[in-house]
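Written out below as structure tokens is the structure these notes cover.
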Amino acid sequence: MMKRYYEHQGRDIFVTAGSARELAPGSFGVCAIGGGAEGWAVVHVGPDGDVADLGGEYYFATPEEALEFARELIDLMLAQP
């Protein structure tokens with residue numbers, strides 16, 4: 001299973017072809033759909049291990065695009081008072 005780790009503004013982001021359920025609570029994930037052939041999703045794992053798809057119905061063609069989206073989401077979250 002492929003798994004790469006990134007950090008952005010103190011938040012963990014994992015790019016993985018595995019299941020989002022393998023990610024630690026509080027982390028973000030860029031997860032392959034259909035091994036990447038169907039695109040990439042951006043998810044967040046809540047404190048109880050619940051996985052939320054942050055892109056809704058929108059998926060990304062490459063893991064790099066999804067990773068950039070995850071970084072932008074983190075920036076927006078941290079900009080909130």
Side-chain angles (χ1 to χ4, degrees):
M1 167 183 61
M2 173 193 74
K3 187 184 284 188
R4 289 183 285 172
Y5 168 76
Y6 296 89
E7 182 273 333
H8 183 71
Q9 294 204 35
R11 306 294 176 134
D12 294 329
I13 307 171
F14 293 92
V15 177
T16 180
S19 170
R21 298 189 196 290
E22 298 171 359
L23 302 177
S27 64
F28 290 83
V30 171
C31 301
I33 303 168
E38 298 174 41
W40 295 80
V42 176
V43 301
H44 180 261
V45 183
D48 295 326
D50 298 330
V51 178
D53 185 345
L54 301 178
E57 297 294 314
Y58 184 72
Y59 299 111
F60 301 88
T62 68
E64 292 82 11
E65 290 174 357
L67 179 61
E68 184 58 32
F69 180 76
R71 289 177 174 146
E72 289 175 13
L73 284 176
I74 291 167
D75 289 343
L76 287 172
M77 285 176 23
L78 294 178
Q80 298 298 317

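Predicted, not measured: the structure shown is a model, and the values here were computed from it.
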Which atom pair, heavy atoms only, marks the closest approach of [X] to [Y]?
| X | Y | result |
| --- | --- | --- |
| Thr16 | Trp40 | O-CZ3, 3.9 Å |
| Ala20 | Cys31 | CB-SG, 3.9 Å |
| Ala24 | Val45 | O-CB, 3.6 Å |
| Ala17 | Ala32 | CA-CB, 3.8 Å |
| Leu78 | Gln9 | CD1-OE1, 3.0 Å |

Sorted by chain and residue number, the side chain to side chain donor-acceptor pair (under 3.5 Å) partners of Glu7 (sequence neighbours excluded) come out as none
For Tyr59, enumerate each residue passing the side chain to side chain donor-acceptor pair (under 3.5 Å) test, keeping only those at least two apart in sequence or located in another chain.
Asp53
For a 4.5 angstrom cut-off between non-hydrogen side-chain atoms, does Met77 reach Arg11?
yes
Would you call Phe28 and Leu54 a side-chain contact if the rule is heavy atoms closer than 4.5 Å?
yes
Could you tabulate the donor-acceptor pairs under 3.5 Å formed by side-chain atoms of residues 62-74, not counting sequence neighbours?
unit_1: Thr62; atom_1: OG1; unit_2: Glu65; atom_2: N; d: 3.1
unit_1: Glu65; atom_1: OE1; unit_2: Ala61; atom_2: N; d: 3.3

Sequence neighbours left out, what passes ring pair (Phe, Tyr, Trp, His ring centres under 6.0 Å) with Tyr6? Give chain and number order.
none
Would a single hydrophobic cluster contain both Phe14 and Val42, if residues Ile, Leu, Val, Met, Phe, Trp and Tyr are joined by side-chain heavy-atom contacts under 4.5 Å?
no
